[in-house]
Amino acid sequence: MNIFDLYKKKIIEIVEKAKSEKNIISTDNIEKINVDIPPNHFDCDISTNVAMILSKPNNKSPIEIANILIKLIMTDEVVENATVAKPGFINIKFKSNFWNKFLKDIISKNTNYGINLNENKKKYLIEFVSANPTGPLHVGHCRGAILGDVLSNLISFNKHQVTKEYYVNDHGNQILHFTKSVYLRILEIIKNTKYPTDDPNLYPGDYIIDIAKNILKNNKDLDFNNFDKISKKLTKLAVFESINLIKLNLNNLGISHDNFVSETDLVNNKEVDKVIEKLKKNNFIYSGKIKAPEGEDKSKWVERNQLLFKSTDFGDDKDRALQKEDKSWTYFASDVAYHNNKINRKFDILINILGADHAGYIKRIVSAVDALSGKKNKLVCKVSQLVKLIKDNKPFKMSKRKGDYITVEDLINEVGKDAVRFIMLSRSSDVELDFDFTKVKEKSKDNPLYYVQYCYARISSVFRNINKNISDEIKIQNYNFNYTNDEIKILKKISQWPKCIEISTYKLEPHRIAVYLYELSSDFHSYWNMGKEDKSKRFINDNNIVSDDKIVLLKAVSNVIKSGMNIIGAKTPEKM
RNA sequence: GCGCCUGUAGCUCAAUUGGAUAGAGCGCUUGGCUACGGACCAGGAGGUUCUGGGUUCAACUCCUAGCAGGCGCACCA
């Protein structure tokens, strides 16, 4: 149960009652009230701003309103005490039987505790990674990949339906250069011709050689004498190899997509032509010229007459080109077709995860979705900022020219999948992230993954000591315990879990989960250490028994850590 | 020139969708292992939340004008 939602309803009931008894006149803005967590130094469990909200419509001071309301709040059977604080907050402390009810409920829910069932179930499509299929994933792709995956976990944790999709840009010039690179590596193998290293269009990485070898191995009767004749076939083969490489990388990160949608297929199926027609009909397309941006060297600018989409109608700074000079479609044009395809599949919410370097692309694609759906379909774009790699306090540089960038594989081999996932989520995606190799490998408080896992392992060890398993179901007859303030501190933290889930989902900010788990672990470690001086706070007593109230507490903490780590996609080992 | 993101303790970052006395880790400093797991804990010092204006009972949060850093701004994808 979400005690904040629950008590908000209660407060509204109380306000209605006060109105019917003519103690207050107006309940305007009542939907704006909050039930929140009070700051630590107050000895209470929840607080509400209701008096401040009702102050104006009733033409009374918040303190006056609060004093009227606390009399009614005090009559609630679960309330021990209600007080009014400075600007007009009402602080409420529960009787200890309240926490018993709370615990009984969350223990029965197991790892389902925290699911937000207030919303109607929706169909989500989340597109993420979508890296060019020209080689393995590198660190730059990693953060967005994890962000997308964890958002999917979060959304499906809340019982919505999620489809995870990867858009394969297997069309256009980049792919042509890529195919050419593979081709030249093949020639290098079968004809011993030297691979040109000075052509900046060609891909330098050694993995191209592996792709060439694989293609040769599986296509023994293919004739490689004429590039133009086999380029289409070769592109298909090379992209296939590349995507397999990427799938492997993703797999090692614990990520799997439901669909891979091919750009070439969209073009071949004439979906681009169709969507252009649709936009033309609705008057969003014209033939015109784009002006050079201010402040840049305009001498090299070539003005061309081309097919443009009126993205400025939707707030973009310029209209966007759909067709190249040779009349082939631009990347944007086929992406518009792809998004039309998404709209036709009737999702409620579309989400795209993009890297910081593509942030400038958002307005035009959102504009396209607005135009195509008549603003009925919403596309939400989430940007993940750069990751700065640091080793021994020095930045770690990669050179794209040499193709010596650090791959996802390198990263996982160095620090492990779970650490990569947890660290990438430990900060808001809006800020650049320092990924410090040295620290991530440390097994200390510097490393939040271990800190949280250690908490779970400690709980496991208690169960192990009494010959039980942490995942065993527990059966308690009567929830009739008296928790101390130190224990209630942990319970209060646990009570915030549904709120954490709700906000993380609403704002698409999964880092809040990592932060929360760290804080919960901190509260737990703190309590654990109290047991050193105060035996009553140890979980296992002198007779090697764990009392029921402590079992329940342990179980509640471990359930939340378990489900949080499930969402993040990191393991919770019972021993470390 | 324009757009997006960021600016909070010496450093790296949080801050409950506008709440009360802005919190963690690292670093500095004092203390705690015969211990249910010390991969841990308790205490101390450290702040004009980049600046100015505005909205609000209430602003790190929203609006506005600046400053600084990052990313981007053609038919690349």
Side-chain angles (χ1 to χ4, degrees), chain A residues 4 34 36-42 47 49 52-53 55-56 61-62 85-89 91 130-132 134 169 171-175 177 263 290 292-296 300-304 306 316-318 320-326 328-332 335 355-363 383 385-386 426-434 436 439 442-448 450-451 453-455 457-458 460-462 464-466 496 499-500 502-503 506-507 509 511-512 515-516 518-519 522 525-533 535 538-541 544 546 550 575-576:
Chain A
F4 303 98
N34 276 327
D36 267 312
I37 305 130
N40 281 331
H41 56 274
F42 289 103
S47 76
N49 62 353
M52 267 108 77
I53 300 290
S55 162
K56 209 170 230 178
S61 80
K86 260 187 303 179
F89 288 101
N91 291 329
S130 298
N132 289 345
T134 55
N169 306 130
H171 197 81
N173 283 328
Q174 294 279 356
I175 288 296
H177 296 315
E263 183 183 359
I290 299 178
E294 291 296 318
E296 286 205 355
K300 286 180 185 167
W301 189 266
V302 187
E303 274 199 350
R304 295 186 192 88
Q306 53 196 160
D316 201 359
D317 23 318
K318 54 182 120 179
R320 303 293 172 173
L322 294 160
Q323 218 166 21
K324 300 182 195 171
E325 203 164 29
D326 66 0
S328 65
W329 299 119
T330 61
Y331 169 82
F332 177 58
D335 205 21
D357 51 342
H358 289 84
Y361 186 76
I362 294 175
K363 267 192 186 160
V383 174
Q385 294 298 321
L386 292 176
S426 61
R427 304 285 184 231
S428 156
S429 57
D430 285 337
V431 305
E432 289 188 7
L433 180 101
D434 285 356
D436 190 323
K439 278 190 183 169
E442 264 173 40
K443 296 182 174 178
S444 72
K445 210 173 175 182
D446 270 18
N447 185 336
Y450 285 102
Y451 189 74
Q453 287 181 330
Y454 185 44
C455 179
R458 269 184 159 170
S460 296
S461 85
V462 173
R464 213 164 31 241
N465 274 301
I466 55 167
Q496 293 162 27
K499 204 162 187 165
C500 172
E502 189 184 332
I503 295 168
Y506 172 80
K507 292 191 138 190
E509 291 180 349
H511 76 279
R512 289 166 185 274
V515 171
Y516 172 89
Y518 187 87
E519 286 169 358
S522 175
H525 287 311
S526 171
Y527 182 80
W528 181 282
N529 275 61
M530 287 178 195
K532 289 176 178 174
E533 284 179 0
K535 279 196 171 183
R538 293 195 187 178
F539 290 98
I540 300 178
N541 65 23
N544 206 36
V546 183
K550 297 245 165 65
K575 281 183 185 175
M576 291 169 72

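Proteins come first, then strands; the chains are lettered A, B, ... in the order of their sequence lines, and each starts at number 1.
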TODO: Could you tell me whether A:A321 contacts a base, only the sugar-phosphate backbone, or nothing, with contacts defined as non-hydrogen atoms closer than 4.0 Å?
DONE: sugar-phosphate
Task: Nearest atoms (heavy-atom pairs only) where A:N529 meets A:R458 - done: OD1-NH1, 3.9 Å
- [ ] Indicate yes or no: does A:R427 engage A:D434 in a salt bridge with an N to O separation below 4.0 Å.
- [x] no
TODO: May I ask you to say what A:V431 touches in the nucleic acid, namely base, sugar-phosphate or nothing, with a heavy-atom cut-off under 4.0 Å?
DONE: sugar-phosphate
- [ ] Could you tell me which nucleotide pairs with B:A22 by Watson-Crick or G-U wobble geometry, both distances under 3.5 Å, or answer none if nothing does?
- [x] none
- [ ] Apply ring-ring contact (aromatic ring centres under 6.0 Å, His included) to A:H525 and list each qualifying residue two or more places apart in sequence or on a separate chain.
- [x] A:Y451, A:Y454
Task: Any-strand Watson-Crick or G-U partner of B:G1, both distances under 3.5 Å - done: B:C73
Open item on the list: What's A:V302 touching, base or sugar-phosphate or nothing? Going by heavy atoms closer than 4.0 Å.
Closed with: base
Task: Interatomic distance at C1', B:C13 relative to B:C5, whole Å - done: 16 Å
- [ ] Answer with base, sugar-phosphate or nothing: what part of the nucleic acid does A:H41 contact at a heavy-atom distance below 4.0 Å?
- [x] base
Open item on the list: Going by purine N1 to pyrimidine N3 plus the second Watson-Crick contact, or the G-U wobble pair, all under 3.5 Å, which nucleotide sits opposite B:G52?
Closed with: B:U64
Task: Comparing A:F539 and A:F4 on RNA chain B - which has the more 5′ nearest nucleotide - done: A:F4
- [ ] Could you give the distance separating B:U34 and B:A15 at their C1' atoms, to the nearest angstrom?
- [x] 42 Å
Task: Most 5' of A:A457 and A:K363 on RNA chain B, judged by nearest nucleotide - done: A:K363
Open item on the list: Working to the nearest 0.5 angstrom, can you tell me the gap between A:Q306 CD and A:I290 CD1?
Closed with: 5.0 Å
Open item on the list: Once you apply a heavy-atom cut-off of 4.0 Å, does A:G531 come out as touching a base, just sugar-phosphate, or nothing?
Closed with: base
Open item on the list: I'd like to know if A:N529 reaches the base of B:C40 with its side chain, counting only an N/O donor and acceptor under 3.5 Å.
Closed with: yes
Open item on the list: By the 4.0 Å heavy-atom rule, please label A:E325 as base, sugar-phosphate, or nothing.
Closed with: base
- [ ] For B:U56 and B:A14, measure between their C1' atoms and round to the nearest Å.
- [x] 25 Å
TODO: Answer whether the closest heavy-atom distance between the side chains of A:K499 and A:D36 falls below 4.5 Å.
DONE: yes
